[in-house]
Amino acid sequence: MHRPTALGGALTALATAAAGVLVAAAVTTTPAAAAVGGTGTGYLHTSGNKIVDSTGATVRLTGINWFGMETDNKTFHGLWSSNPWRGQLDKMASLGYNTLRIPYSNDALKPGATASGINDFVNPDLVGLSPLQILDKVIDYAGGKGMRVVLDRHRPTAAGQSPLWYTSTVSEATWINDWKMLAQRYAGNPTVIGADLHNEPHAEGTNPAATGACWGCGDTARDWRLAAERAGNAILGVQPNWLIFVEGVSCPSGGLSNVWDGDTSNDEDCGWWGGNLTKAKDFPVRLNVANRLVYSPHEYATSVYRQAWFDAPDYPANLPAIWDKYWGYLHKQNIAPIMMGEFGSTLADPKDKVWLENLMAYTGTGVNGMSFTYWSWNPNSGDTGGIALDDWTNINTTKQAILQPYLIPPVGGGPSPTPTTPGPTPTTPAPTGGCTASYQQVNAWQGGFQGELTVKNTGTAAVNPWSVTWAWPSGVSLASGWNATVTQSGTTVTAAAPDWSRSLAAGASVTIGFTANGAASAPGTVKLNGTAC
């Protein structure tokens, strides 16, 4: 996660609840209409300060972090909730997050590693799977929605973060070999677009006896820039299509600044852990495959640490110059793309709302803006909270409203469509020949159940867009749904085609998953676009 340089010790990484009280309201948000471009086609590469797809179209990654695989659970947090894992991804995509940054620790990759904290009533398809097998399922489902995935080596072990990319128990060779394994595992799958090599390299010790990560110092044991080259080139040797995401350090010297060491001559201007890329222009990361480098700083608010600039008399007008200095210049001078890998806040301090609004404006609007992945989806991030509230279903509407204008939903990429004069509203076609429906109750528990309804188009033509309806007895209510936009009005449930799969071809089937409250009941009076099945 994120830690300020001026605090020498690590703070608690996770808490059971976010600080502050926020309105818990379920919302359905329409992604900004002005945002076009999606996540593009094929693998991605860079061109100047832009990320582009295989056709050359500009892509802006507007994503979110879903953590847990780096902790003792070794898999995504929130799988213990009543919202199934697919339902959570459905919500992320519907809100406009087109990229998922997934933190992991090397512990989760070990043979025999086991995942814990899974509600087997809600997520029965995950029971008994290894952390990597669960990751496979999440990547597959996210890819089906048009989302992209960035893998983030967050910690060497589940115990905590490290200033360097290796520790006494996790060697540099293990770090690199695990990356090569992941690159090979997902080779040929363009959903996974790259590697965030190591989370938040940072300073440790005091100068001149610094022991933390430096940038450009030339010490192979501490120079993060050189280590990033070694790991990045090893990954590209296995998977040359990946992007290599390189975070900054905190203090370029690798030693803590502003400490009571009686020596002010060596103090330097430092930033957030992973957030200082001031030396990247003079000491760039050199990769063997051109157009694969993305710099990925982290940026935080007062809920993480009250940096001096938050109390400057000209706040918030001073912020753009600070961001320019630490990392923004790389974008503005067309040196390399920026993907801000982490940023977030509880918004408990009024200054933080101003900070977030200004930061988003600084990244720019539309596909030409800087990419980002917000920290985090999880409500249990101790010093930032999340987009999801504590039920892992409802949304923090205050945060979402600030981010919303900058989000580009996960749909096909390419240039902006040519405006056309609207014609008559098309009618929704009914299947020529009808449909069939089958139902499977996956699980049931006190007060609720989970099911899957499969509907097949037995007609001779595609149905586009498709819509399935069914009836439930009084007292049964929808809790969540996936593979469609599922809503309920009275006793009628409607599953509308998602944007990423609007057409149901002749002979094709769709399976709609859901959880519901009340006595277990099979869907009745199932219809496909008004035709009874």
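No hydrogens, no waters, no symmetry mates; every other heavy atom, side chains included, goes into these values. None of these values were measured; they are calculated from a predicted model.
By the neighbour-count criterion of 12 heavy atoms within 6.0 Å, atom NZ of K279 is sparsely surrounded, having that number or fewer from other residues, nucleotides or ligands. Counting non-hydrogen atoms of other residues, nucleotides and ligands closer than 6.0 Å to NZ of K137 gives a total above 12.
Classified by interplanar angle (parallel below 30°, tilted 30° to 60°, perpendicular above 60°), the ring pair Y374/F343 is perpendicular. Using cut-offs of 30° and 60° for the angle between ring planes, the W215 and Y295 rings count as tilted. Between W165 and W175, the ring planes are tilted. Angles from 30° to 60° get that label. Aromatic ring pairs are classed by plane angle as parallel below 30°, tilted from 30° to 60° and perpendicular above 60°; the pair Y315 and F310 is perpendicular.
Counting heavy atoms from C-beta outward, K399 and S345 have side chains that stay 4.5 Å or more apart. Between T220 and R230, some side-chain heavy-atom pair lies under the 4.5 Å cut-off. Contact annotation: the side chain of M69 never approaches that of D152 to less than 4.5 Å [non-hydrogen atoms, C-beta and beyond]. Residues L319 and Y362 fail the side-chain proximity criterion, which asks for heavy atoms closer than 4.5 Å. Put simply, the side chain of R222 reaches to within 4.5 Å of the side chain of C217, judged on heavy atoms. Residues T363 and H331 form no side-chain contact, since every pair of their non-hydrogen atoms from C-beta on lies 4.5 Å or further apart. Two residues are said to be in side-chain contact when any heavy atoms from C-beta on lie closer than 4.5 Å; N368 and R60 fail this criterion.
Nearest heavy atoms, V52 versus T58: CG1-CA, 4.1 Å. Looking at every heavy atom in both residues, R148 comes nearest to T39 through NH2-O, 2.8 Å. Across every non-hydrogen atom of K74 and P131, the tightest pair is O-CB, 3.2 Å. Taking both residues in full, the closest heavy atoms of P252 and T278 are given as CG-OG1, 3.7 Å, listed atom of the first, atom of the second, then distance. For the residue pair D136 and R185, the shortest heavy atom distance occurs at OD2-NH2, 2.7 Å. Between L61 and V59, the shortest heavy-atom contact is CD2-CG1, 3.8 Å.
Looking at Y300 and D383, their side chains never bring a donor and an acceptor atom within 3.5 Å of each other. Between the side chains of D107 and S105, no donor-acceptor pair is found at a separation under 3.5 Å. Side-chain polar atoms of N65 and S376 form no donor-acceptor pair below 3.5 angstrom. No hydrogens or angles considered: a donor-acceptor pair under 3.5 Å links the side chains of R153 and N106. In summary, the side chains of T75 and N73 do not present any donor paired with an acceptor at a separation below 3.5 Å, with no hydrogens or angles considered. N83 and S81 share no side-chain donor-acceptor pair at under 3.5 Å. Counted by atom type alone, N98 and T62 present one or more donor-acceptor pairs between their side chains at under 3.5 Å. D125 and W85 share a side-chain donor-acceptor pair at under 3.5 Å. For the 3.5 Å distance criterion, the side chains of Q239 and Y43 qualify, holding a donor opposite an acceptor. A donor-acceptor contact closer than 3.5 angstrom is absent between the side chains of W224 and E247. Side-chain contact of T71 with H77: a donor-acceptor pair under 3.5 Å is present, judged by distance alone. Judged by distance alone, the side chains of N207 and S253 do bring a donor and an acceptor atom under 3.5 Å apart. When only modelled atom types and interatomic distance are considered, Q88 and W392 share no side-chain donor-acceptor pair under 3.5 Å.
For the pair K281 and Y329, the cation-pi criterion (under 6.0 Å, within 45° of the ring axis) is not fulfilled.
Outside the 6.0 Å centre-distance limit, the rings of W377 and F67 are not counted as a close aromatic pair. Aromatic ring centroids of F372 and W327 lie 6.0 Å or more apart. Checked against the 6.0 Å centroid threshold, H298 and W323 do not count as a close aromatic pair.
The ring pair (Phe, Tyr, Trp, His ring centres under 6.0 Å) test with H154 is passed by exactly one of W273, W375, W66, Y104: W375. Checking V289, V285, D196, L287 one by one against I244, the side-chain contact (heavy atoms from CB on, under 4.5 Å) holds for a single residue, L287.
Under a 3.5 Å cut-off, the side chain of Y97 and the backbone N or O of P410 do not form any donor-acceptor pair.
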Would I193 and I51 satisfy side chain to side chain contact (heavy atoms under 4.5 Å, CB included), going step by step from the backbone distance to the final call?
-> CA-CA 11 Å; I193 57 170; I51 297 173; over 6 Å; no

Could you check L182 against L109 for side chain to side chain contact (heavy atoms under 4.5 Å, CB included), going step by step and ending with a plain yes or no?
-> CA-CA 9 Å; L182 290 170; L109 309 183; 4.0 Å; yes

Apply disulfide bond (SG atoms under 2.5 Å apart) to the pair C251 and C214, showing each step before the final yes or no.
-> CA-CA 7 Å; C251 304; C214 64; over 6 Å; no

Working for side chain to side chain contact (heavy atoms under 4.5 Å, CB included), residues I176 and D178 = CA-CA 5 Å; I176 291 177; D178 280 352; over 6 Å; no

Decide yes or no on side chain to side chain contact (heavy atoms under 4.5 Å, CB included) for W355 and T302, but give the supporting numbers first.
-> CA-CA 9 Å; W355 164 84; T302 59; over 6 Å; no

